[in-house]
Amino acid sequence: MTLLRQGYGRASKNIVKNYNPKIIERKWQQYWAESPELFAADNKSGKEKFYCLDMFPYPSGDGLHVGHVEGYTASDIYSRYMRMKGYNVLHPMGWDAFGLPAENYAIKTGVHPDKSTQQNIKNFTRQIKSLGLSYDWSREIDTSSLDYYKWTQWFFLFLYKNGLAYRKKAKVNWCESCKTVLANEQVENGICERCKNEVIQKDMEQWFFRITDFAEDLIKGLDKVDWPESTKVAQKNWIGKSVGTVIKFPILMKAQPSSKRTLDLRQRGEYIKVFTTRLDTIFGCTYCVIAPENELIEKLKDSVGNYKEVEKYLIKAKKKTELQRTDLAKEKTGVEMKGIQAINPFTDESVPVYVADYVLSTYGTGAVMAVPAHDERDWEFAKKYDLPVKKVIVPPALVCIPRNLEDIAAGARAEIRVESECYTEDGDLINSGKYSEMTSEKARREMAKWLEKKKLGKKTVTFKLRDWLISRQRYWGAPIPMIYCEKCGWQPVPEKDLPILLPKVKDYRPKGTSPLGTNPDFVRAECPKCKGEARRETDTMDTFVCSSWYFFRFADPKNTKEFAAEDKIKKWLPVDLYIGGAEHTVLHLLYARFFTKVLRKHGQIDFDEPFSKLRHQGIVVAEDGRKMSKSLENVINPDEIVREYGADVLRLYEMFMGPLEDSKSWNTKSIVGLKRFLDKAWSLQSRYFGGGILKAENNDKQLEVIINKLIKKVTEDIEDLKFNTAISELMIAVNEARDLVLKYTISEKTRIYFIENYFKLLSPFAPHIAEELWSQLGHKRSIFLEKWPEYDPKLIVESEKIIIIQINGKVRDQIKIRVGTSDVEVKKIAEAQDKIRKYIEGKKIKKTIYVKDKLINFVI
RNA sequence: GCCGAAGUGGUGGAAUUGGCAUACACGCGAGACUUAAAAUCUCGUGGAGUUUUCUCCUUGUGGGUUCGAGUCCCACCUUCGGCACCA
């Protein structure tokens with residue numbers, strides 16, 4: 001073929017005619033494996049660091065999902081780019097190997113979790129390596145390995161010593177199918193996050209981490225980080241801060257259920273404490289409600305006339321699952337505590353007291369003042385039990401004259417709301433003594449002042465967040481390093497005795513108590529304090545404890561003295577770019593931030609947010625638009641795509657599908673487009689390049705412009721993580737260049753200049769083909785040791801611009817003008833165009849708008 | 001119900017600050033090459049009309065601001081995600 005050019009480097013001796021991913025991908029993966037220094041993070045280098053992290057996977061038996069590939073490719077592109085930019089990049093990978101998924105898989109297959117986990121890790125490693133991802137494998141970590149979970153246990157002790165780990169008996173979430181307790185974050189609408197079975201409440205003594213101590217910090221820190229807004233908002237909502245008041249309602253009760261004599265419990269210091277954010281509505285309080293779990297019930301039971309009835313209700317409420325209790329569709333239920341009255345401190349009126357399970361024991365004080373006129377839940381309850389409704393808030397008066405119809409409409413709506421009798425917004429007070437006519441806001445302030453003076457109430461901040469329940473009655477996790485002694489109580493395992501080895505047990509299936517308890521050698525222990533006989537804690541830790549600190553370990557993964565050395569943490573942390581799924585919004589991301597804040601508070605580190613920049617990869621759904629799942633048989637296995645098209649094509653395809661954070665549907669048919677693209681890129685070094693057919697004129701300049709513009713665009717797009725448009729620019733450039741080169745003669749120098757830069761730009765996206773083409777040009781060093789190209793600003797400035805001509809905003813024509821042509825001249829040229837003359841002839845031009853280098857618009 | 005994100009051709013999607021809507025890719029149609037198919041290459045491809053280097057319409061719906069709106073404002077509809085009796 002006459003167009004075939006040879007004679008460049010190794011290509012001359014070793015012509016590779018067609019792009020064959022199978023051969024070159026194997027070849028370069030092997031090369032990279034033999035040159036680990038290429039992608040290793042350098043502890044000693046003085047170059048600026050960049051820590052680019054993926055959420056590490058749990059090595060499930062299903063192998064890698066195309067969703068993994070998406071996130072990992074994105075972070076790989078960015079890491080390769082940053083290395084070429086001259087940064088010292090830390091890009092590690094590891095295994096979140098402990099936990100329910102691994103364990104459930106082991107149970108299903110009958111293979112011991114230790115063994116199956118190692119098998120799965122092997123498979124994941126093979127798959128990840130087949131994608132050509134540039135991880136620093138020397139830092140690989142495995143949370144189920146001894147030298148890792150030793151430090152997970154150390155963290156437990158660290159929290160314990162600082163009063164942040166404690167044991168308490170509480171109503172906890174229990175999954176009957178997983179046979180373990182769960183954290184609140186692991187229960188979704190009363191359903192177990194893992195197995196999707198119903199979760200029930202149980203009273204159990206368990207280990208907790210005091211994450212609520214950091215609620216305020218966890219909210220504040222979100223303002224400092226570059227995270228998706230939706231994730232920040234979701235975390236804030238989860239933490240659920242509200243500012244309100246705790247008010248003490250004095251209690252009146254009968255001395256005996258039958259007697260007429262009443263006792264005021266103020267002398268005993270007993271009050272019904274309620275929490276409200278709407279203190280301004282207190283004159284409308286017509287009854288009080290306490291949660292079935294409120295301990296006040298027990299204290300008052302002797303004077304409750306209908307205690308039998310109350311008790312029945314309590315038992316019924318206790319039986320309900322979380323799901324049943326929070327079912328919004330269900331009618332509210334409750335029972336009055338006859339003989340008990342609460343006194344509204346503002347009106348001195350006494351109101352009845354109810355027990356009802358629409359009040360949660362776990363939020364606020366477990367009791368509320370009910371204002372049916374201004375709270376929908378109270379309204380519903382009052383209607384059902386025929387309780388009085390007292391209106392104390394009216395919508396704010398319309399002081400200004402409505403400017404337009406819309407304002408009037410808005411006003412009209414406000415009136416309608418009042419008609420509906422339950423008005424829940426702020427407004428102006430009525431029927432509220434000296435507070436009447438104040439705005440809600442002012443009334444809250446004034447009332448709070450009065451309460452504080454009378455010592456009957458206090459401004460209080462409450463959070464929805466609860467402490468993190470971390471113990472699990474499961475086998476496959478890090479044992480909790482605590483020992484119980486009959487004499488000395490709970491004692492922490494001395495640090496020198498770590499790690500507490502996860503014992504081998506025969507039967508690791510969940511049974512309701514930890515399988516570790518079946519191993520007597522494990523349970524038997526010596527009390528660290530009195531050296532007497534004691535027993536070990538047999539529960540293991542929630543797997544989220546392991547993943548709450550793994551990003552520190554990557555800085556110093558082999559350290560046997562500390563979880564990570566101070567100088568290494570200083571060098572690498574915080575994480576500069578973190579990529580992972582959005583499903584961890586209130587789980588891992590919240591816990592990891594909590595751990596970071598604990599370390600900061602206790603002087604271990606000097607920053608308080610672990611992940612400076614966070615991006616989520618969108619969900620990849622199946623072709624039919626449904627979630628990929630085994631039961632639907634619509635799962636795409638990355639291995640098959642790699643086998644058929646190669647890793648480079650798969651990488652490009654997943655990046656080209658759309659914006660990183662959008663969810664997108666898989667379409668196998670479209671993959672071929674990316675294969676065609678790489679075929680064209682491949683052809684740059686052989687078939688077309690350098691032998692124009694026409695050779696009509698030299699056109700080096702145009703090719704230089706193409707590549708310089710491309711450098712600019714691709715660089716900017718990578719910086720913004722807009723990989724889909726970066727790839728489209730690469731496609732455009734290869735098409736343009738091919739057209740040019742087919743028509744014109746290009747000098748050798750320009751040819752090399754173009755393709756070398758082009759391959760560099762392509763390299764983060766499709767590393768194998770880039771490395772191959774680079775080597776075919778005769779280069780002995782990896783392309784990934786090259787500097788990222790920079791564009792020449794002079795070469796991207798165009799000398800001519802196309803100006804759009806509009807008449808009344810409609811495009812009618814366009815003209816080409818030289819840059820720098822004056823406004824007046826452009827106008828003249830535009831008016832002179834035939835098509836334009838047709839429109840403006842005989843008409844008066846009212847206005848002319850000229851946007852420099854863009855358009856001219858005549859208004860007639 | 002509340003909070004968040006998003007609605008653009010047959011499909012995935014593109015579009016600095018308001019300035020040529022539909023880039024790039026898939027698919028589809030026509031043609032070239034071939035005994036044939038695949039691959040590859042070339043051309044076409046939002047809709048309607050038509051006097052075909054022409055006109056009108058088109059970014060979920062309805063209004064508005066502007067010389068000019070996918071982009072800004074108001075109202076609504078739909079989809080997805082999160083939270084949900086949190087007082």
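Each chain gets a letter, A, B and so on, in the order the sequences are listed, and its residues count up from 1. Note that the structure is a prediction, hence the values are computed from the model and not measured.
- Using C1' as the reference atom, rU22(B) and rU34(B) are 36 Å apart when rounded to the nearest Å.
- A pairwise comparison of heavy atoms in P345(A) and K248(A) identifies CG-O, 3.9 Å as the closest pair.
- Using P as the reference atom, rU61(B) and rU71(B) are 11 Å apart when rounded to the nearest Å.
- Among the heavy atoms of the strands, none lies under 4.0 Å from V289(A).
- Under the 6.0 Å cut-off for aromatic ring centres, F249(A) and Y271(A) do not qualify, their centroids lying 6.0 Å or more apart.
- In a base pair of the Watson-Crick type (N1 to N3 plus N6-O4 or O6-N4) or a G-U wobble (N1-O2 and O6-N3), with each distance short of 3.5 Å, rU11(B) is matched with rA25(B).
- When the C1' atom is compared between rU35(B) and rC24(B), the two are found 37 Å apart, to the nearest whole Å.
- Base pairing of rC76(B): its partner is rG60(B), meeting the Watson-Crick or G-U wobble criterion (both donor-acceptor distances under 3.5 Å).
- In this structure, NZ of K713(A) is placed 15 Å from P of rA14(B), rounded to the nearest angstrom.
- Taking a pair to require two hydrogen-bonding distances under 3.5 Å in either a Watson-Crick or a G-U wobble arrangement, rC85(B) remains unpaired.
- Distance, I282(A) CD1 to rA87(B) C1': 13 Å, rounded to whole Å.
- A gap of 24 Å separates the C1' atoms of rC67(B) and rG62(B), to the nearest Å.
- Applying the 90° cutoff around 0 to the glycosidic angle, rU52(B) is assigned syn.
- Among the atoms of the strands shown, only primed sugar atoms or phosphate atoms (P, OP1, OP2) are found under 4.0 Å from some heavy atom of V859(A).
- Nucleotide rC33(B) forms no Watson-Crick or G-U wobble pair with any nucleotide shown, as no partner meets the under 3.5 Å limit on both distances.
- Mapping D357(A) and D662(A) onto RNA chain B via the closest heavy atom, the residue that lands nearer the 5' end is D662(A).
- In this structure, the CH2 atom of W238(A) is 17 Å from the P atom of rG81(B), given to the nearest Å.
- In terms of position along RNA chain B, the nucleotide closest to S663(A) lies nearer the 5' end than the nucleotide closest to the other residue of the pair L855(A) and S663(A).
- Pair check for rC54(B) finds rG49(B); Watson-Crick or G-U wobble, both atom distances under 3.5 Å.
- With contacts defined as side-chain heavy-atom distances shorter than 4.5 Å, the pair W379(A)/V389(A) qualifies.
- Using a 4.0 Å heavy-atom cutoff across all strands shown, S242(A) reaches sugar-phosphate atoms only and no base atom.
- Evaluation of atom-type donor-acceptor distances gives no pair under 3.5 Å for the side chain of K464(A) against the base of rC83(B).
- Between F677(A) and W682(A), a ring centre-to-centre spacing not shorter than 6.0 Å is recorded.
- Look at the C1' atom in both rG70(B) and rG82(B): the space between them is 27 Å, to the nearest Å.
- Taking the six-membered ring where tryptophan is involved, the planes of Y385(A) and F381(A) are tilted, since the angle between them lies from 30° to 60°.
- Judged by the 6.0 Å and 45° rule, K675(A) forms no cation-pi pair with Y645(A).
- Nucleotide rG82(B) holds its C1' atom 14 Å from the CD atom of E185(A), rounded to whole Å.
- Within the shown strands, nothing qualifies as a pairing partner of rC20(B) under the Watson-Crick or G-U definition with both distances less than 3.5 Å.
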> Tell me, for nucleotides 21-29 of chain B in 5' to 3' order, what letter each nucleotide earns: B for a base near a protein heavy atom under 4.0 Å, S for only sugar-phosphate near one, - for neither?
Replying inline: S-BBSSS--

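- Counting any heavy atom pair closer than 4.0 Å across all strands shown, K722(A) reaches sugar-phosphate atoms only and no base atom.
- Counting non-hydrogen atoms of neighbouring residues, nucleotides and ligands closer than 6.0 angstrom, the NZ atom of K627(A) reaches no more than 12 such neighbours.
- K241(A) contributes no side-chain N or O that, together with a main-chain N or O of N237(A), makes up a donor-acceptor pair within less than 3.5 Å.
- OP1 or OP2 of rA87(B) sits under 4.0 Å from a side-chain N or O of Y363(A).
- In this structure, F765(A) and F723(A) have perpendicular ring planes: the angle between them is above 60°, well past the 30° mark.
- Summarising the base pairing, rU66(B) is matched to no nucleotide, lacking a Watson-Crick or G-U wobble pair whose two defining distances lie under 3.5 Å.
- The pairing partner recorded for rA38(B) is none, the criterion being a Watson-Crick or G-U wobble arrangement whose two distances lie under 3.5 angstrom.
- Heavy-atom neighbours of K318(A) NZ from other residues, nucleotides or ligands within 6.0 Å: at or below the threshold of 12.
- When the C1' atom is compared between rU17(B) and rG31(B), the two are found 45 Å apart, to the nearest whole Å.
- Among rU55(B), rC67(B), rU17(B), the nucleotide with an atom closest to any side-chain atom of N857(A) is rC67(B).
- Taking the C1' atom of each, rG4(B) and rG10(B) are spaced 31 Å apart, rounded to whole Å.
- rC85(B) atom P lies 20 Å from atom CD1 of I290(A), rounded to whole Å.
- L678(A) has its CG atom 16 Å from the C1' atom of rA39(B), to the nearest Å.
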> Run the ring-ring contact (aromatic ring centres under 6.0 Å, His included) check on Y363(A) and F463(A) step by step: do they pass?
Replying inline: CA-CA 8 Å; Y363(A) 183 76; F463(A) 296 94; 9.6 Å; no

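- Here the side chain of I804(A) is nearest to one of rC85(B), rC20(B), rC3(B), namely rC20(B).
- rC85(B) atom P lies 13 Å from atom CG of D375(A), rounded to whole Å.
- Remark: P of rG12(B) and CD1 of I636(A) are 17 Å apart, rounded to the nearest angstrom.
- Remark: the separation of the C1' atoms in rG13(B) and rG46(B) is 15 Å, to the nearest Å.
- Contact check, K675(A) against rU40(B): no side-chain N or O comes under 4.0 Å of OP1 or OP2.
- Checking rG13(B), rG4(B), rC20(B) against every side-chain atom of P659(A), the shortest atom distance belongs to rG13(B).
- Glycosidic conformation of rG18(B) is anti; the angle lies outside 90° of 0.
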